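From a predicted model like this one, the values you see are computed outputs, not experimental measurements.
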Amino acid sequence: MIFSKHMYYGKHAAEHRSYILDNLRKGHFQPGAYVIVRAPEPNLYEIYNQAMFLNPKLDTETVEVLGIGYGYRDAIDCVTQMLKDRHIL
């Protein structure tokens with residue numbers, strides 16, 4: 001997993017930023033954490049539960065994480081902010 005230099009965090013994820021990032025780097029299960037990645041065209045972003053990145057059959061080493069939400073609603077709010085910053089909303 002590659003973490004973007006310009007990471008976005010949901011409100012709840014920002015409160016627990018260091019704890020979540022530490023667990024993601026170590027590959028530990030992080031219940032409630034959702035990662036936001038770039039999606040293939042024509043979509044912009046995809047939201048995945050962090051547990052999907054623990055599957056050894058998936059190549060997740062080159063995936064760039066653009067944002068993190070703690071809870072699905074928090075991840076949706078994070079994507080909304082990302083879209084607003086791109087002047088799409």
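Relative orientation of the Tyr70 and His16 rings is tilted, given thresholds of 30° and 60° on the angle between their planes.
Side-chain heavy atoms closer than 4.5 Å link hydrophobic residues (I, L, V, M, F, W, Y) into clusters, and following such links, even through other members, never connects Tyr45 to Met52.
Between Leu54 and Phe29, the shortest heavy-atom contact is CD1-CA, 3.7 Å. Summarising the geometry of Ile47 relative to Ala75, their closest heavy-atom pair is CG2-CB, 4.0 Å, with the distance given to 0.1 Å. In this structure, Val65 and Met7 approach most closely via the heavy-atom pair O-SD, 3.1 Å. The shortest non-hydrogen separation linking Tyr8 to Cys78 is CB-SG, 3.5 Å. In plain terms, the two heavy atoms of Leu66 and Val37 that are nearest each other are CD1-C, 4.0 Å.
Asp85 and Gln81 share a donor-acceptor pair across their side chains, judged by distance under 3.5 Å alone.
The CG atom of Leu24 sits 10.5 Å away from the OH atom of Tyr19 when rounded to the nearest 0.5 Å. Summarising the geometry, atom CG belonging to Leu44 is positioned 9.0 Å from atom CE belonging to Met82; distances are rounded to the nearest 0.5 Å. Distance check: Gln30 CD to Ile68 CD1 gives 9.0 Å after rounding to the nearest 0.5 Å.
Other residues, nucleotides and ligands contribute only 12 or fewer heavy atoms inside 6.0 Å of the OH atom of Tyr72.
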> Given Val79 and Tyr34, is the side-chain contact (heavy atoms from CB on, under 4.5 Å) satisfied, shown in steps?
Replying inline: CA-CA 11 Å; Val79 168; Tyr34 288 84; over 6 Å; no
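Two residues are said to be in side-chain contact when any heavy atoms from C-beta on lie closer than 4.5 Å; Lys11 and Asp77 fail this criterion. Val63 has its side chain within reach of Phe53: a pair of non-hydrogen atoms, C-beta onward, lies under 4.5 Å apart.
Applying the side-chain contact (heavy atoms from CB on, under 4.5 Å) test to Lys26 and every residue at least two apart in sequence or in another chain returns Asp22, His28.
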